[in-house]
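Since the structure comes first, as structure tokens, the remarks are kept for the end.
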There are 2 protein chains.
Amino acid sequence: MYERKIKEDLDCGIIVAMKVFGAKWKPCIIDAISRGAKRPSELHREITTTSARVIDMQLSELVTYGVVSKKIHQGFPLCVEYSLTPLGESIVPLLAQLNAWGLKNKELVKKIDANSDNNEVLSAGKIKWNAASTICQ
Amino acid sequence: MYERKIKEDLDCGIIVAMKVFGAKWKPCIIDAISRGAKRPSELHREITTTSARVIDMQLSELVTYGVVSKKIHQGFPLCVEYSLTPLGESIVPLLAQLNAWGLKNKELVKKIDANSDNNEVLSAGKIKWNAASTICQ
DNA sequence: GCCGATACCGAAAAATTATTCGGTACCTGA
DNA sequence: TCAGGTACCGAATAATTTTTCGGTATCGGC
């Protein structure tokens, strides 16, 4: 018999950070806005690797968490603009660092991914009593 | 009719970074190892908010990506030690920053979470033509 | 009233991740 | 050979996130 329901520890900073901007496309959205894309239609055009719906949804979560703010311009044509709040701005440098790390190591990651496609799981965790990883003594 | 299968852009540094250490418990594991927990049993004792199986699995992925290395000490009792590789070490400062950001803003996040529990979704994204967020002009 | 432009949303389905449960393997000493 | 300690794994299931598809709503003209 199962029980339990997630249990997130909101006193762990990393979990908090991930919750706020750790979703699949949120970093991209924050980045795009920080680079000047303001309107939904612009964002949809910039980020083509996912659907408009996804962007809308994650955008509204970002608004909820106060990372971006939304301005509605009455008039014609209907126009909405998003921009980073101070909280959102404070995320940009972190994103830049994550990005830098990823760029530096992407070739490695690609190579590893390619490998595990061929050789099944490669079982990097199993103790193999012959030919193991690094057996001491 | 659906089609498609994920499409990840491994040229985006952020996506690469998230792929390598963005899972729910990987940051905790990396952190725990960096603070000196070496053996699986120690990790299981340190990280109590998830099961041993999860730790084992994510640990072996970390090994696959070369973030941590594994040493098997033959002898009694059976003993295994994990430690961070240089690649793993390079992640620690990033984690520290994410953590710092999260700690700084956790109260805010908690408050927002509490709110959306009460007031349903709060619809932070919907255009409400009366009482909207920030209507210009 | 209907159209095109812009922005948004609901619900179902698919993909992905996280968890649980129930084992297997190795070693040593009783 | 069996128990006790340590480390690991496979397969089912649950939970969560991402995607798709098919609408709705406002505005200003035609």
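Below, all heavy atoms of this structure are taken into account, side chains as well, without hydrogens, waters or symmetry copies. Chain naming here is simple, since letters A, B, ... match the order of the sequence lines and numbering starts at 1 in each.
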N or O in side chain of A:Gln58 less than 4.0 angstrom from D:dT18 OP1/OP2: yes
Under-4.0 Å salt bridge between B:Lys110 and A:Asp11: yes
Value in whole Å for how far the P atom of C:dT19 lies from CZ of B:Arg53: 13 Å
Proximal nucleotide (of C:dC26, C:dC9, C:dT20) relative to the B:Leu78 side chain: C:dC26
Rounded interatomic separation in angstrom, taking CD1 from B:Ile55 and C1' from D:dT6: 15 Å
Phosphate OP1/OP2 of D:dA7: any B:Tyr82 side-chain N/O under 4.0 Å: no
Sugar-phosphate only, base, or nothing, as touched by B:Ala23 at under 4.0 Å among non-hydrogen atoms: sugar-phosphate
Between C:dT16 (C1') and B:Lys19 (NZ): distance, integer Å: 11 Å
Side chain of A:Pro77 - closest among D:dC8, C:dT20, C:dT6: C:dT6
Contacts of A:Gln97 that satisfy side-chain hydrogen bond (donor to acceptor under 3.5 Å, both in side chains) - sequence neighbours left out: B:Gln97
Candidates C:dT20, D:dA7, D:dT18 - which lies nearest the side chain of B:Ser51: C:dT20
Under 4.0 angstrom between B:Lys24 side-chain N/O and D:dA15 OP1 or OP2: no
Any B:Arg39 side-chain N or O less than 4.0 Å from OP1/OP2 of D:dT6: no
Co-membership, hydrophobic cluster, residues B:Ile112 and A:Leu84, 4.5 Å side-chain: yes
Interatomic distance, B:Leu59 CG vs D:dC8 P [rounded to whole Å]: 7 Å
Rounded interatomic separation in angstrom, taking CD1 from A:Ile15 and P from D:dT16: 14 Å
ILVMFWY network linking A:Leu98 to B:Leu87, side-chain heavy atoms under 4.5 angstrom: yes
Separation of C:dA18 P from B:Met57 CE (nearest whole Å): 8 Å
Integer-rounded Å distance: C:dA25 C1' and B:Asp56 CG: 14 Å
Separation of atom NZ in A:Lys38 from atom P in C:dA7, rounded to whole Å: 14 Å
Distance test, side-chain N/O of A:Lys70 to OP1/OP2 of C:dC8, below 4.0 Å: yes
Shortest non-hydrogen contact between A:Trp25 and A:Gln58, atoms and distance: N-OE1, 3.3 Å
Under 4.0 angstrom between B:Trp25 side-chain N/O and C:dT17 OP1 or OP2: no
OP1 or OP2 of D:dG5 under 4.0 Å from side-chain N/O of B:Ser41: no
